[in-house]
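Report on the following structure.
Given the structure is predicted, the values throughout are model-derived calculations rather than measurements. Atoms considered below: every heavy atom in the structure, side chains included; atoms not considered: hydrogens, waters and symmetry mates. Residue numbers start from 1 in every chain, and the chains themselves are labelled A, B, ... in the order their sequence lines are given, proteins ahead of strands.
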Amino acid sequence: SPPGKPTLTSCRSPEKETFTCWWEPGSDGGLPTTYRLFYLKENIETVYECPDYLTAGENSCFFSKNNTSIWVNYNITVVATNELGSTMSDPVDIDVMYIVMPHPPEKVLVSVLEDKDWPFLRVSWEPPQKADTRSGWITLVYEVRIKLEEKDDWEVHLAGQQRVFNIFSLLSGGTYIVQVRCKPDHGFWSEWSSSTYVKVPNYFHRENSV
Amino acid sequence: SPPGKPTLTSCRSPEKETFTCWWEPGSDGGLPTTYRLFYLKENIETVYECPDYLTAGENSCFFSKNNTSIWVNYNITVVATNELGSTMSDPVDIDVMYIVMPHPPEKVLVSVLEDKDWPFLRVSWEPPQKADTRSGWITLVYEVRIKLEEKDDWEVHLAGQQRVFNIFSLLSGGTYIVQVRCKPDHGFWSEWSSSTYVKVPNYFHRENSV
Amino acid sequence: PIGDLLDRASQRSDKLHSLSTTLTQELDSHFPPIGRAIMPRPSMCHTSSLQTPNDKEQALQVSESDLLSLARSLLKSWADPLVILSVSANTLPHPAQSTISNKLQELQEHTKNLGDGLDVLSGKMGPAAQTVSFLPYSGGNDIGQDRLSKLANFHFLLSCFRRDSHKIDSFLKVLRCRAAKMQPEMC
């Protein structure tokens with residue numbers, strides 16, 4: 001039978017400069033099926049085809065810088081074709097300004113410092129490499145989460161635009177896991193960074209402190 | 001004699017949308033004395049008078065939203081006048097962004113938790129309602145203080161930007177008072193929040209707890 | 001200092017765009033799908049004639065005064081349409097009508113406040129920053145008679161504002177980082 005209807009599942013831009021769309025194939029009707037992505041750009045009559053089916057892997061289309069415009073509507077559809085016919089997905093309208101989802105922050109460092117002999121953690125990180133925060137083209141805010149290794153509940157802290165965050169009130173001798181994520185001013189949260197482990201030294205203030 | 005020289009003591013804005021200035025009268029020269037506040041706005045020739053002498057009480061001037069601009073400097077003076085003459089205060093230059101004194105943190109909650117059967121206090125709170133911290137622009141830092149009900153000395157902890165703070169090493173069976181305050185990066189500490197009381201259960205691990 | 005003013009302006013433009021996003025989400029909570037079909041295309045926004053950069057390379061080549069001039073032109077072009085939106089919000093056939101109406105009030109206040117700030121800023125950035133392109137709104141005061149066209153035209157106008165407020169926010173944030181050259185950690 002002709003192929004089932006494919007579905008455009010999502011489009012994301014990691015740095016407001018390029019973007020990628022992914023689709024879910026429908027049933028292949030038992031026959032070899034090919035997929036092609038077409039799009040219209042606001043106030044341009046031409047129908048364009050996906051410029052790059054490879055870079056982002058299977059069932060995806062990658063739009064490089066030269067193929068990416070901001071504040072311009074893209075109307076995108078995917079067509080599945082086999083010997084017996086073609087089936088179009090529902091069209092999806094996107095504007096890159098609304099689909100920014102950065103990669104996680106990088107170089108997450110956690111050091112144990114002391115303030116009036118109370119230990120605290122200084123967490124520092126860098127923005128994801130591809131995101132050009134220096135020119136201001138993208139503005140990132142960050143969240144830090146921390147939990148004791150053996151526990152399940154995370155404590156989440158909003159760090160604003162800073163790249164350093166101090167965490168106080170630590171369990172003496174505890175081993176903590178720290179992760180950081182980021183979000184553009186107007187967009188989606190990244191994944192959490194990989195875990196960074198840190199051990200807090202034992203500190204005794206009062207005779208029976210824990 | 002003509003009135004003594006008044007002094008502009010301070011100007012504060014709780015949320016960068018309104019602000020209030022207060023002054024200290026000088027000697028009144030033994031005669032009925034009136035006080036008027038005048039101000040210039042940067043690059044504007046006009047001399048304005050205080051829009052509202054009442055809202056913020058005696059010896060004060062309240063600048064409502066419509067009279068408050070975060071874009072220009074205010075040059076403010078107070079003039080004391082009686083039958084025999086007038087005396088001007090030294091002028092004060094203010095920028096609303098740098099006189100922010102937020103309202104105290106809200107919804108302060110203190111719960112007694114246990115870690116390996118040692119109790120500790122988990123204090124949590126929320127930023128004052130008006131402070132827009134969600135966007136990551138305004139960073140508030142917090143301080144937590146705690147003392148035993150019957151004692152006078154407070155123990156103060158810097159909590160950085162956290163909104164949760166754990167306090168260990170507690171007196172078995174003690175009743176504690178907890179308060180929280182906040183400060184924006186350019187600005188002044190808020191008042192302490194109202195007191196939250198919490199009773200630590202009796203736990204006898206070592207007989208000589210503090 | 002200009003850096004300070006640009007920081008404040010970016011805070012306000014950030015808030016302005018976020019407000020327009022929440023407003024759009026309120027509207028979308030009860031928006032007839034058919035309405036989307038009859039809605040005018042984004043290219044028909046009254047500000048679409050203004051040539052603006054459309055990617056990072058283009059934006060980073062625009063001079064400071066031109067970026068500010070673009071931001072001011074876009075913002076000023078919304079003074080009248082926001083009044084029309086605000087008036088129509090009072091009779092909008094939508095379950096969240098009062099929330100939408102209040103949010104629009106807030107949007108107008110923020111737009112005016114940001115406009116004041118950009119006027120002060122342009123005064124400090126030389127004559128070229130003073131030029132403002134005139135982008136008239138010719139849509140008339142009435143956004144439609146029947147329920148569907150009222151909702152569709154309201155949504156269209158708001159979607160145009162949302163896009164323009166994102167442009168304004170992006171331009172000001174690029175300006176802010178250029179001004180912050182002395183404080184690299186700011187950007």
> Stepwise, does the side-chain contact (heavy atoms from CB on, under 4.5 Å) test hold for C/Leu118 with B/Trp71?
Replying inline: CA-CA 9 Å; C/Leu118 298 188; B/Trp71 310 107; over 6 Å; no

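- Contacts between residues 93-115 of chain C and chain B, defined by a heavy-atom separation under 4.5 Å, are made by C/Glu109, C/Asn113, C/Leu114.
- Counting only distance, with no hydrogens or angles, the side chain of C/Arg8 and the backbone of B/Ile70 share a donor-acceptor pair below 3.5 Å.
- Within residues 120-128 of chain C, the residues having any heavy atom under 4.5 Å from a heavy atom of chain B are, by residue number, C/Val120, C/Lys124.
- When heavy atoms are compared at a cutoff of 4.5 Å, B/Lys16 approaches chain C by way of both its backbone and its side chain.
- Surrounding CD of B/Gln129 are at most 12 heavy atoms belonging to other residues, nucleotides or ligands under 6.0 Å away.
- Within a 6.0 Å radius of NZ in B/Lys199, more than 12 heavy atoms belonging to other residues, nucleotides or ligands are found.
- Residue-environment remark: CD (B/Glu49) exceeds the threshold of 12 foreign heavy atoms within 6.0 Å.
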